[in-house]
Every structure is written in C-alpha cells, then in structure tokens.
Protein chains: 2
Amino acid sequence: MSRRKAPGEPGRTTIRDVARRAGVSVASVSRVLSGTYPVSDELRRKVLTVVRELDYVTNAHASSLAGGGTPTVAVLINDITGAAFTHVAKGVESAASLRGWLTLVGTTGDDPERELALLRLMRRQGVAAVILLGGAYDHDAYQLRMARFARSLDAAGSHLVLVGRPPLEGEVPATTVDYDNEGGAYAMASHVLSAGHRRVLVLPGHAELTTAQGRLRGARRAFETYGVPFDPGLVRHGYYDYEHGYGAVEESLRQRETFTAVLAGTDVVAAGAARALRAAGLRVPEDVSVVGYDDIPLAGQLTPQLTTVHVPYEEMGRAALRAVADRRQGGGRRRGGDAAHLVLGTHVVVRQSVGPPGAGGDHVRAPSVT
Amino acid sequence: MSRRKAPGEPGRTTIRDVARRAGVSVASVSRVLSGTYPVSDELRRKVLTVVRELDYVTNAHASSLAGGGTPTVAVLINDITGAAFTHVAKGVESAASLRGWLTLVGTTGDDPERELALLRLMRRQGVAAVILLGGAYDHDAYQLRMARFARSLDAAGSHLVLVGRPPLEGEVPATTVDYDNEGGAYAMASHVLSAGHRRVLVLPGHAELTTAQGRLRGARRAFETYGVPFDPGLVRHGYYDYEHGYGAVEESLRQRETFTAVLAGTDVVAAGAARALRAAGLRVPEDVSVVGYDDIPLAGQLTPQLTTVHVPYEEMGRAALRAVADRRQGGGRRRGGDAAHLVLGTHVVVRQSVGPPGAGGDHVRAPSVT
DNA sequence: TTGAAAGCGTTACCAC
DNA sequence: GTGGTAACGCTTTCAA
C-alpha cells in the first residue's frame with residue numbers, strides 16, 4: 001500500500017507527529033484515540049486539538065498488526081448485480097457497520113478458481129469471517145473444497161459462513177445461515193395445485209444448484225401430497241435468468257406441451273416466462289398462472305403482480321453477521337465440532353398471478369377467452 | 001483484528017515458521033512469495049512445499065505496513081440494492097480484481113454523517129482511492145464537504161473519485177467520472193416530442209439531486225428546441241423509486257391534468273408510472289407513452305418494453321478504477337490542480353413504450369381506443 | 001495518569 | 001542468489 005517513505009516525501013502524518021506536536025508521548029495519543037483507557041481531560045484536549053489540526057487518522061494496518069484494529073468481514077458473491085443476494089450483502093453490511101466493522105466484497109462469477117483466490121486474499125486480510133452467499137453447485141469436489149476452506153480459515157482464526165445453501169456434511173468448522181427453501185417451494189406448489197392446476201411447467205433452476213434441487217424437491221413433495229402425478233417431462237432446468245424463463249416457455253409452447261401454470265425458480269425467471277406467454281398471446285393468469293420465488297422488488301412491479309415465495313434475504317445477512325460477532329465474543333472458536341446451523345422461514349406471498357386453470361392446455365392452439 | 005497472541009495460543013503461522021521449517025531465511029521466503037525478485041528453483045521449491053504444508057498465507061496488515069500489500073479501493077454507495085449503481089460497483093470490483101486489487105464497500109444511506117465516518121474509516125485502511133457512487137444532494141454544505149474530503153484523502157496519499165455526479169467547483173484534488181446526463185435527457189425528451197407529444201408529465205427525481213437537475217435541464221432544452229411550451233405544472237419531484245412513479249401519475253390523473261406521455265427520471269420510476277396508468281385503465285403506449293432512464297435490466301423486462309436512456313454504468317466503474325490505477329502508476333499525485341474529468345456518452349434505446357399521442361388528454365375520463 | 005520500550009509480521013536495503 | 005536486520009506505525013505491558 002504505502003511505499004517505503006522516500007527521503008523527500010512528506011510522509012503521512014503518524015502518531016509520532018501528533019505526539020511530538022502535542023508534547024505528549026506516543027502511548028498517550030494511542031490511549032486517547034482508542035478510548036480504551038482512562039486519560040486526563042487535559043491530555044485528551046491537547047491530543048484531540050492536534051489530531052484535528054493535522055487531520056490525523058490512525059493507520060489501520062499498523063493498528064491491526066499491533067493487536068487493535070477494526071474487525072472486517074468478507075462477503076463473497078457470485079454476481080453483485082443479482083437482485084436477491086444483493087439484499088443479503090446489504091444485511092451484512094448494515095449489521096457490520098452498526099458495530100463499526102468493515103465489509104469487503106468480492107465476486108466470484110461462479111468460478112471455483114476465483115473463489116479460491118478470493119478466499120486466500122481475504123484470509124490474508126485477517127477477516128473475522130468469510131461469508132459465502134448463494135446456492136452452490138454441488139459437484140463431487142464441492143464438499144471437499146468447502147471443508148478445506150473451512151478448516152483453513154478456522155486455523156487462521158477466521159471462520160467460514162455459508163448463506164443460502166445447505167450445511168456441509170460431517171464435522172466442518174463452518175456456520176450455515178439458510179432459509180427453508182424446500183418448504184417454500186412446497187407451499188408455493190401447494191398453492192398452485194390447490195387452485196386446481198394439474199399440468200404445471202416447472203423451472204427449478206440449474207440441476208446442480210443446491211437451491212434448484214431444494215425447490216424441485218419441495219414441488220414434487222407437494223404433488224405427492226395432492227396426489228397429482230408429477231411429469232418429469234414438464235421440468236426444464238436452466239440458469240436463474242430472464243432468458244431462461246422466456247426460452248423455456250417458448251420451447252414448451254412450440255413443443256405443444258400442455259400446462260396451465262408455471263412454477264418458476266426465481267422471480268426473474270417468472271418474469272421471462274410471463275413475457276413469453278404474453279408473446280404467444282396468452283394472458284396471465286387467465287390462461288396460464290405464473291409464480292416466482294425470492295420476492296424481490298420486481299415481483300411487486302410486474303403486471304400482474306407476481307405471487308411468489310418470500311425469502312428473508314436481508315435478515316439472513318444480519319443473522320450471518322450476528323453469528324460471527326457472537327462467536328468471537330464467545331471467546332473465539334469452541335473446541336470440537338464447531339458448526340452452527342440456522343434456518344429462517346419462508347412464506348408464500350399471494351398477489352395476482354395465480355388464477356384457476358384457464359385454457360386447460362388448449363392454449364397451444366389459440367388463446368382462450370375466460 | 002488479531003488479539004495479542006496469548007502464551008498458550010497456537011499463534012498463526014508466520015513467515016518465520018516457514019523460514020525455520022524450510023531451513024532458509026525469512027527474506028527468502030518473502031522473496032519467493034512476493035515473486036518480485038529472482039530466486040533459485042531449489043529455494044522456491046523448498047519454500048513452496050512448506051507453505052503448502054503449513055497452509056501459510058502472509059499477513060496482509062504486516063505486508064502493507066512494510067510497504068508491500070494489495071492495493072485496495074473503497075466504494076461508497078447509497079444503497080447497495082439500487083439497481084443502477086450496483087452495476088458501477090460491479091465494474092469497479094471486476095476491474096480491481098483483474099489487477100489483483102481489493103474492493104471495500106460501504107453504504108451511506110444518504111446520510112452525510114455516515115458518509116464522513118466511512119470516509120475516515122476507509123482512509124485509515126490506506127485505500128488507494130475512495131470512489132463515491134451516484135448523484136449528490138447539492139446543498140450549500142455539499143461542495144465544502146467534498147472539497148474537504150478530497151483534500152484530506154489527497155493529503156493521506158489517497159484520492160477521491162466521484163462517479164455519476166458533476167465535478168466539484170474550484171481546484172479540488174478529485175477525479176470525476178460522469179456520463180452525459182443532460183444530453184441523454186435531451187435526446188430522450190426529443191424522441192418523445194418528435195413522436196408528436198406536447199403535454200408530458202416530467203418526473204425528474206428529487207429537486208436537489210444533481211442527476212435529477214441535469215435530467216430536468218435536458219428535458220427543458222428539448223422543449224425549447226422543439227418550440228414546445230414547457231409547463232412547470234407538469235413537473236413532479238420525488239425519490240427515484242417505484243412508489244414515486246406510481247403516486248405521481250395517480251395524483252396527476254386525479255387532478256385531471258392532461259398529458260400524453262410520461263418522462264420518468266429512472267426506469268424504476270417509469271415502471272411505477274406505467275402501472276398507475278394501467279390501473280387507471282390506460283394503455284401504454286396506445287393511450288400514454290412512458291419513457292425511463294438508466295436502462296437497467298428491468299427496462300427490457302417490463303411490458304411493454306421500456307424506451308429509455310442507456311447509461312454505461314459498468315463501464316463507468318471500470319473507468320473509475322482505471323483512473324485510479326493510472327494515477328498511481330503515473331507516480332502518485334501530480335502537482336497543482338490535480339483534477340481529472342471524464343464524461344461517458346449516453347444514448348436512447350428505443351423499445352416499445354412510445355407511440356404517437358393517444359387519448360390526447362381525454363384519458364382522464366375514459367381510455368380511448370386507438 | 002503518563003512515558004519508555006518491546007513487540008506485531010513483513011518488506012527491502014545492505015552485505016556477503 | 002541469499003541472509004541479516006532495520007524500518008513500517010501502532011498497541012500494550014511494565015515502570016515510574
């Protein structure tokens with residue numbers, strides 16, 4: 001960061017400059033500024049005056065090295081632009097700054113290499129915790145990689161927190177803050193089924209993504225409960241984006257599949273699906289019902305307003321930070337199996353995108369009138 | 001960060017541990033790891049082996065203090081959740097990580113106190129720059145506060161970068177990365193006027209926000225160019241949110257104001273406006289045209305797809321980081337007036353939300369058929 | 001209540 | 001090419 005001070009260079013003002021100018025010791029300046037030690041009013045006044053005059057701020061690196069410093073947490077996110085987890089980041093940041101902590105962010109772009117590099121980078125910073133946001137692609141290597149991360153951070157006196165994905169298997173020193181993903185999907189699917197729908201197009205997300213898997217499981221469970229046969233042919237996997245929603249519906253329509261409702265993996269996917277339906281001359285919800293997941297602001301802004309599953313993203317962020325703070329207050333790591341697992345609730349938000357089954361599958365030929 | 005190592009505590013492994021175990025000097029380990037110095041293959045091999053065995057990572061604070069370390073930039077944003085500037089943040093972060101730099105984020109929530117606190121905090125971190133995102137509320141105090149920030153950062157060897165707001169007045173050591181806000185508004189308004197609209201409801205944003213001011217100026221200029229009288233009564237100020245768009249249109253309709261188009265300050269405001277129109281039984285664009293500003297993904301996802309002004313947000317973020325990097329490569333601050341000012345272009349994206357004037361103002365009574 | 005001085009873990013200079 | 005070692009700027013014992 002700061003190059004070695006060149007002879008001529010002014011040199012950032014240091015605690016020594018302040019001490020000298022105030023005619024006190026370096027230790028006294030430190031004590032006044034950190035406020036963790038009794039000092040005379042006289043001394044405080046002298047020091048603060050000089051601090052203001054010189055516009056002095058302590059060097060965070062030096063103070064961290066010496067054992068003081070601002071606790072910092074790192075948030076690792078796939079795409080800072082993705083609506084849902086942005087809210088988690090906000091929750092983390094707000095809770096952090098409430099405590100005077102700092103938040104570092106990094107984006108991984110779903111690349112394990114970058115994830116690893118960032119993790120190392122953050123570990124170097126001596127962060128109190130690394131908070132990983134969002135569902136994970138659960139390949140074979142995933143569990144091992146995460147376990148290694150967790151242990152490595154733990155050994156460095158830091159901690160791994162997983163937000164929005166299931167806990168790791170086995171005895172791994174990591175904390176998980178998750179939401180009832182499957183339960184939300186179950187409730188959402190139930191809502192659709194109880195409206196009378198039987199043929200529903202399911203767009204759970206990418207097949208290897210933990211969130212998609214949970215949402216699909218929840219949906220299947222609802223079908224079982226309702227005694228409705230689940231047609232795997234009506235499931236289409238894909239990324240959580242608008243294009244996937246649009247494309248999947250378009251293709252289904254083209255293949256003359258019959259369905260009266262779309263169970264989308266996220267609100268954004270639902271938005272894409274709804275638009276594809278409209279482009280085909282179908283109305284939502286008169287001809288086809290559409291539901292989403294996440295309850296991001298977009299859900300309330302679409303026409304018709306989207307019925308969806310509310311996920312307490314911001315609260316999850318706050319909970320994650322709280323977990324970290326509690327943990328380090330509790331005297332750092334505990335011995336042995338040092339895992340914690342939190343699950344927050346989800347619930348269906350009923351808006352306007354679900355109606356009774358409309359065209360009943362005839363919609364492939366022509367929009368029906370309700 | 002790290003408490004003083006307690007006697008019993010294992011103590012994070014340090015460079016000395018590595019050196020001892022590899023049977024080499026501390027200096028050699030440093031050289032191998034930083035890679036900024038020639039070392040024998042033999043030495044490198046020995047060191048790297050031990051590093052892997054011990055899962056050692058350097059302490060970033062120590063290395064910063066000693067003159068090495070990862071450059072870090074701070075991004076300060078009002079609301080991490082707001083779509084547009086989230087893209088700037090992404091641009092900054094991606095450009096930063098491309099160079100191996102770190103990105104710190106803080107959210108100010110439009111609170112000057114918090115902004116100040118964060119600035120100090122970031123300055124302590126020895127960041128290469130503090131990048132302030134988004135339009136500013138240009139009160140009397142604003143210019144002075146910013147000038148002070150700029151000088152304070154400059155004195156600390158850091159630098160202030162303003163993104164998405166006009167440059168500061170006078171000789172202030174700050175860099176500005178702005179976009180042609182007024183020009184975009186001018187083009188957008190021109191587009192609407194040339195479609196034949198004469199009575200247009202203008203929702204530029206909060207009256208004191210620099211972006212809103214620019215957008216309003218651009219619109220007025222277009223009216224002048226087209227020789228169309230500008231009715232200040234059709235201007236409604238408010239925050240850049242969905243509710244404002246909805247509320248403003250609703251109120252205008254209630255007051256029986258006549259207009260055939262809505263010039264919204266942002267895409268989100270436009271979304272709210274469109275919904276209010278639809279709620280009143282008016283169609284977009286057949287009865288009333290609606291345009292936005294920003295060109296966030298939402299714009300393409302609304303029905304009808306929104307005609308809007310494209311702002312190269314992500315590119316602005318990258319440009320901001322580039323400016324910082326160039327600057328420090330160029331040997332740090334230059335003497336004297338050390339300001340730079342960049343303006344990126346904007347352009348209208350024509351989609352589907354503008355048509356010829358429809359109801360011609362009659363829409364207050366009943367939706368007309370086109 | 002205050003001051004002096006010993007670290008904290010790296011880097012970079014200066015010898016060899 | 002490699003090894004000592006003096007900074008870097010701060011916090012915190014330990015003494016006074």
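Numbered from 1 within each chain, the chains take letters A, B, ... in sequence-line order.
In this entry the distance linking CG of B/Leu65 with C1' of D/dA6 reads 13 Å, nearest Å. Between B/Gln125 atom CD and D/dG9 atom P there is a gap of 16 Å when expressed in whole angstrom units. Counting to the nearest Å, the C1' atom of C/dT10 and the CG atom of B/Asn59 are 8 Å from each other. Between the C1' atom of C/dG9 and the CZ atom of B/Arg16 lies a distance of 7 Å, rounded to the nearest Å. We find that CG of B/Leu33 is positioned 15 Å from C1' of C/dA12, with the value rounded to whole Å. The separation between A/Arg12 atom CZ and D/dG9 atom P is 10 Å, rounded to whole Å. Here D/dC8 presents its P atom at 20 Å from NE2 of B/His61, a figure rounded to the nearest Å. B/Arg31 has its CZ atom 10 Å from the C1' atom of C/dT11, to the nearest Å.
Remark: B/Leu121 CG to B/Leu119 CG distance equals 9.5 Å, nearest 0.5 Å.
Checked by distance alone, A/Arg124 brings no side-chain donor or acceptor within 3.5 Å of a matching partner on the base of C/dG9. On a pure distance criterion of 3.5 Å, no polar donor-acceptor pair joins the side chain of B/Arg44 and the base of D/dG1.
Geometrically, A/Arg322 does not engage A/Trp101 in a cation-pi contact defined by less than 6.0 Å to the ring centre and at most 45° from the axis.
There is no side-chain donor-acceptor pair under 3.5 Å between A/Arg165 and A/Thr176.
For A/Pro38, taking side-chain heavy atoms from C-beta onward, the closest of the listed nucleotides C/dG9, C/dT1, C/dT11 is C/dT1. When each of D/dG3, C/dT2, D/dC8 is scored by its nearest atom to the side-chain atoms of B/Ala66, the top-ranked nucleotide is D/dC8. Between C/dG9, C/dG3, D/dC10, one nucleotide has an atom nearer to the side chain of A/Thr58 than all others, and that is D/dC10. When distances run from any side-chain atom of B/Ala27 to the nucleotides D/dG3, D/dT11, D/dT12, the shortest one goes to D/dG3.
Note on A/Ser30: a base of the nucleic acid sits closer than 4.0 angstrom, heavy atoms only. Here A/Val26 lies in heavy-atom contact (under 4.0 Å) with a base.
Between B/Asp41 and B/Lys46 there is no salt bridge, since none of the side-chain N atoms of the basic residue sits less than 4.0 Å from a carboxylate O of the acidic one. Salt bridge present: A/Arg114 and B/Glu93 bring a charged side-chain N and a carboxylate O closer than 4.0 Å.
Note on B/Ser40: every side-chain N or O is 4.0 Å or more away from OP1 and OP2 of D/dG1. Between A/Tyr37 and C/dG3 there is no side-chain N or O to OP1 or OP2 distance below 4.0 Å.
The residue among B/Leu43 and A/Ile15 whose nearest nucleotide of DNA chain D lies closer to the 5′ end is B/Leu43. Nearest-nucleotide positions on DNA chain D for B/Ser25 and A/Val29 put B/Ser25 closer to the 5' end.
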